Amino acid sequence: MTELVCVVRAVNPASVPIPVLLDIGPTSMWWRHGAGLLGWGEAAVTTTRGPSRFADARDWWEDMAGRARVFGDTVPGRHVPVAFASFTFDARSRAESVITVPEILIINRPEGTWLVWQRPMEHTDELSVRKAASVTTEEMMDRAREFWDPVGTAVHFKRKEIADFPWPRTSVPVHELQAIPSAAMGEHDYVESVAEALSALQRGPVRKIVMARDEVVYLSEGIDVPRTLTRLTRDYEHCWTYLVHGLVGATPELLIARKEGHAEARVLAGTADRNVVDAERQFPSTDADEAYVAEQLVNHPKQRQEHRYAIDSLVERLQPYTRSLHAQDTPFVLRLPNVWHLATDVSAELNDDDGAPVSVVTLAEAVHPTAAVGGTPRDQAVDEIHRLENEKHGMDRGRYAGPVGWVDARGDGEFGIALRGGQLESPHTIRLYAGCGIVAGSDPEAELAETKAKMRPMLSALAELPESE
Ligand SMILES: C=C(O[C@@H]1C=C(C(=O)O)C=C[C@H]1O)C(=O)O
């Protein structure tokens with residue numbers, strides 16, 4: 001039986017600068033404000049499906065982490081081993097949910113940087129374990145480099161497929177970025193689906209439903225995941241940049257985080273497109289922005305209603321796990337380079353029955369999907385989404401809009417909602433997704449425009465030419 005032998009070494013952050021690390025092409029990532037986790041390779045993995053996808057992944061992980069042996073330094077507030085995970089939006093999805101243990105892990109926090117080798121071993125006799133435990137940081141970095149691959153997805157594509165692909169690593173000319181007609185839900189279909197969702201809202205009982213569409217993007221030179229990640233972390237530093245089994249993006253929305261008995265979430269719903277702001281305002285000024293924000297978001301009844309549904313859905317599902325819970329009274333405006341959102345931060349003290357910590361995976365399962373990506377009431381809205389997106393147009397959300405993040409050996413971790421990203425489908429194609437909350441009074445064309453604004457970060461991260469070139 002495979003056991004994880006983990007070796008933790010504190011390193012000088014200057015010896016592992018992030019641009020260099022990203023250039024090695026991590027296979028997994030969770031990153032925000034210059035801190036987070038980077039992983040290379042795959043020491044162990046399991047995939048799960050259906051309604052028990054969360055519980056099966058959690059049980060597998062608890063067994064694996066429970067048997068792990070850990071040597072070396074301790075990381076304050078983190079409990080090695082650590083796994084990345086990503087779950088499908090719907091239990092009916094044809095896609096798999098995944099929990100993956102990177103072999104080499106970098107933990108970067110304001111307090112320091114640690115290198116971890118999470119080594120899968122079949123023979124854990126004392127001699128082999130002692131030998132493994134004596135590994136140096138140089139050997140760990142060499143091991144990370146062995147997992148280097150230009151698309152950053154060694155665990156997603158077969159290595160041969162990558163080896164055969166003619167990757168230009170230097171002097172890339174202008175990237176060619178094209179949408180190719182492979183979307184399951186084209187723009188016209190989307191407008192129609194939103195109109196159908198509006199009829200469903202009139203019939204009831206659904207009051208809010210989030211409709212999404214996909215778009216397949218082709219890059220003639222291939223998709224350079226390390227550079228895409230670099231641009232996302234640079235331009236969207238307030239978002240959580242993620243990469244798990246080829247699902248990549250930068251999400252502004254934290255579904256749930258757990259740290260030592262404390263939970264946090266950031267709920268978003270209600271959106272204004274910044275391009276529209278720039279086009280409509282007469283002159284660029286902070287006052288004009290504030291007036292627009294007040295009119296389009298803070299004082300806009302439809303946006304406030306959409307936002308309320310999303311908070312209520314989270315609070316209702318999280319409450320049973322908490323001793324106390326606090327949600328801000330009034331939403332604040334989260335200003336991203338592409339869009340502005342109404343946002344509310346929620347924090348809670350967990351009750352952790354009988355002293356046994358409730359895993360962040362269990363919490364993610366409980367609160368997913370919030371009305372930010374599903375609707376209200378939850379189950380009927382998800383059924384409507386299945387009917388309109390999947391049955392009518394054959395669009396499977398896969399892991400888009402599902403929880404994506406990491407979990408440690410104690411069940412602490414962070415899960416975002418996999419938004420503003422896409423699924424790599426080949427070394428040169430990626431399927432992007434975006435959706436919008438539909439409530440009575442929504443305008444299908446305006447919602448289509450909003451999905452375009454939400455896809456913009458990924459498009460520019462995929463295509464932008466690095467300044468150095
Ligand atoms: C569904 C998405 O975003 C969600 C929907 C929002 C809205 O409708 O206003 C805002 C933020 C997200 O909760 C997406 O980005 O694909």
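Keep in mind the model is a prediction, meaning the values are calculated, not measured. Atoms within a ligand are numbered from 1 in the order they appear, just like the ligands themselves. Sequential numbering from 1 along the given sequence is applied to the chain's residues.
Salt-bridge annotation for R78 and D408: absent, with no side-chain N of the basic residue lying under 4.0 Å from a carboxylate O of the acidic one. With respect to the salt-bridge test (charged N to carboxylate O, under 4.0 angstrom), the residues D352 and R258 qualify. A salt bridge links R456 and D273; the closest N-O separation between the charged side-chain nitrogens and carboxylate oxygens is under 4.0 Å.
Shortest contact from atom 13 (O) of ligand 1 to any protein heavy atom: E253 OE1, 2.6 Å. When hydrogens are left out, the protein atom nearest atom 5 (C) of ligand 1 is K454 NZ, 3.4 Å; that is the closest non-hydrogen contact. The single protein non-hydrogen atom nearest to atom 8 (O) of ligand 1 is G437 N, 2.8 Å, given as residue, atom name and distance.
Within the set A401, G421, A372, the minimum heavy-atom distance to atom 4 (C) of ligand 1 is found for A372.
Below 4.0 Å from some heavy atom of T271 lie the following atoms of ligand 1, by number and element: 6 (C), 7 (C), 9 (O), 10 (C). Residue contact check: Y400 has heavy atoms under 4.0 Å from atoms 1 (C), 2 (C), 14 (C), 16 (O) of ligand 1. In summary, the atoms of ligand 1 found under 4.0 Å from a heavy atom of E450, numbered by their order in the structure, are 7 (C), 8 (O), 9 (O). Interface of C436 with ligand 1, defined as ligand atoms under 4.0 Å from a residue heavy atom, comprises 8 (O). Distances below 4.0 Å separate heavy atoms of R420 from the following atoms of ligand 1: 3 (O), 11 (C), 12 (C), 14 (C), 15 (O).
Of the possible donor and acceptor atoms, one in the side chain of K208 sits under 3.5 Å from a partner among the backbone N and O of A371. Looking at Y190, its side chain never comes within 3.5 Å of a backbone N or O of P444 through a donor-acceptor pair. Here the side chain of S93 pairs no donor or acceptor atom with the backbone of D90 at under 3.5 angstrom. Under the 3.5 Å distance criterion, the side-chain polar atoms of S313 are left unmatched by any main-chain donor or acceptor of T370.
Residue-to-ligand polar distances keep H341 apart from ligand 1: every N/O pair is separated by 3.5 Å or more.
Residue contact annotation: A434 has a non-hydrogen atom under 4.0 Å from ligand 1. Under the 4.0 angstrom criterion for non-hydrogen atoms, E306 is in contact with ligand 1.
The nearest pair of heavy atoms linking I99 to A57 is CG2-CB, 3.9 Å.
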